[in-house]
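What follows is one structure encoded as structure tokens, with my remarks underneath.
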Amino acid sequence: MPNMYESAGYETYGEAAFPNGVEAQVPAEGSIPRGFVPFDIENSTAGYELAKATLKSPLDSTQVDLERGKEIYNIYCGICHGNKGKGQGNLVKREKILGIPSYDDAGRAINEGSIYHTIYYGKNAMGSYANQLNEEERWQVVSYVLKLKADLEK
């Protein structure tokens with residue numbers, strides 16, 4: 001059985017033995033990638049309000065790692081929101097983007113559900129980070145943002 005150790009290589013978009021004649025196939029309809037957990041709350045104002053009212057972190061106090069959350073936050077969020085959460089990141093200081101409020105602004109009233117929804121879908125000028133951060137990383141960032149908010153409110 002020489003084909004077991006000398007397999008024929010297929011070109012990605014070349015001809016193959018599949019019905020449509022192409023080697024690269026789309027995933028089966030309804031399939032979910034390994035490790036992916038679907039987010040059932042929609043990307044709308046109503047979805048944001050639902051997340052704010054009902055969504056809670058699945059991490060308990062032993063799973064929250066604020067150092068890791070800080071590291072991820074500094075990579076993805078600090079450039080705009082600032083390392084202290086005051087809305088004074090480098091892009092704001094250089095006037096590349098404007099109008100990022102501090103986490104302790106009275107009108108914000110953010111909580112873990114609203115933060116997670118915003119990270120997942122984005123809001124206003126902020127884009128989604130669903131492709132950059134997995135679910136656990138998003139919840140670590142949520143925990144760290146809540147810590148920053150608490151620190152600012154002292």
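The shown structure was predicted, so the numbers you read here are calculated from the model rather than taken from an experiment. Worth knowing before you read on, the calculation uses all heavy atoms, side chains too, and leaves out hydrogens, waters and symmetry mates.
In this structure the side chain of Q132 never reaches within 4.5 angstrom of the side chain of E137, judged on heavy atoms. C77 places none of its side-chain heavy atoms less than 4.5 Å from the side chain of I79.
Aromatic ring centres of Y121 and Y48 lie farther apart than the 6.0 Å criterion allows. Aromatic rings of Y129 and Y120 (six-membered ring for Trp) have centroids beyond the 6.0 Å cut-off, not under it.
Between C80 and I97, the closest heavy-atom pair is SG-CD1, 3.3 Å. Listed here is the closest heavy atom pair of N83 and Y144: O-OH, 4.1 Å. Between H117 and I41, the closest heavy-atom pair is CD2-CG2, 3.9 Å. Annotation for S102 and L152: closest pair OG-CD1, 3.5 Å, computed over non-hydrogen atoms. Minimum heavy-atom separation, I100 to V92: CD1-CG2, 3.7 Å.
In summary, R138 and E112 do not engage in a salt bridge, as defined by a charged side-chain N under 4.0 Å from a carboxylate O.
For the pair N111 (side chain) and K52 (backbone), a donor-acceptor distance under 3.5 Å is present. No side-chain donor-acceptor contact under 3.5 Å links S114 to the backbone of I110. The backbone N or O of D151 sits nowhere less than 3.5 Å from a side-chain atom of K84 that would complete a donor-acceptor pair. Between the N124 side chain and the M126 main chain, no donor and acceptor come within less than 3.5 Å of each other. At least one donor-acceptor pair closer than 3.5 Å links the side chain of S44 to the backbone N or O of G47. Without hydrogens or angle criteria, Q63 side chain to D60 main chain gives a donor-acceptor distance under 3.5 Å.
The local environment of CD in E95 is sparse, with at most 12 non-hydrogen atoms from other residues, nucleotides or ligands closer than 6.0 Å. Heavy-atom neighbours of K86 NZ from other residues, nucleotides or ligands within 6.0 Å: at or below the threshold of 12.
Separating the CD atom in E153 from the CG atom in D105 is a distance of 10.0 Å, to the nearest 0.5 Å.
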**CA sep, side-chain torsions, deciding dist, call: E42, L50, side chain to side chain contact (heavy atoms under 4.5 Å, CB included)** = CA-CA 9 Å; E42 66 182 25; L50 177 64; over 6 Å; no
**Message:** Please evaluate residues Y76 and L133 with respect to the criterion side chain to side chain contact (heavy atoms under 4.5 Å, CB included), reporting the C-alpha separation (whole Å), side-chain torsions for both, the decisive distance (0.1 Å), and the verdict.
**Reply:** CA-CA 9 Å; Y76 294 102; L133 304 173; 3.4 Å; yes
**Prompt:** Should Q140 and E136 be marked as a side chain to side chain contact (heavy atoms under 4.5 Å, CB included) after you check the CA-CA gap, both sets of side-chain angles, and the distance that decides it?
**Reply:** CA-CA 6 Å; Q140 295 292 353; E136 189 265 339; 2.7 Å; yes
**Worked verdict on W139 versus V142 for side chain to side chain contact (heavy atoms under 4.5 Å, CB included)** = CA-CA 5 Å; W139 284 114; V142 167; 4.0 Å; yes
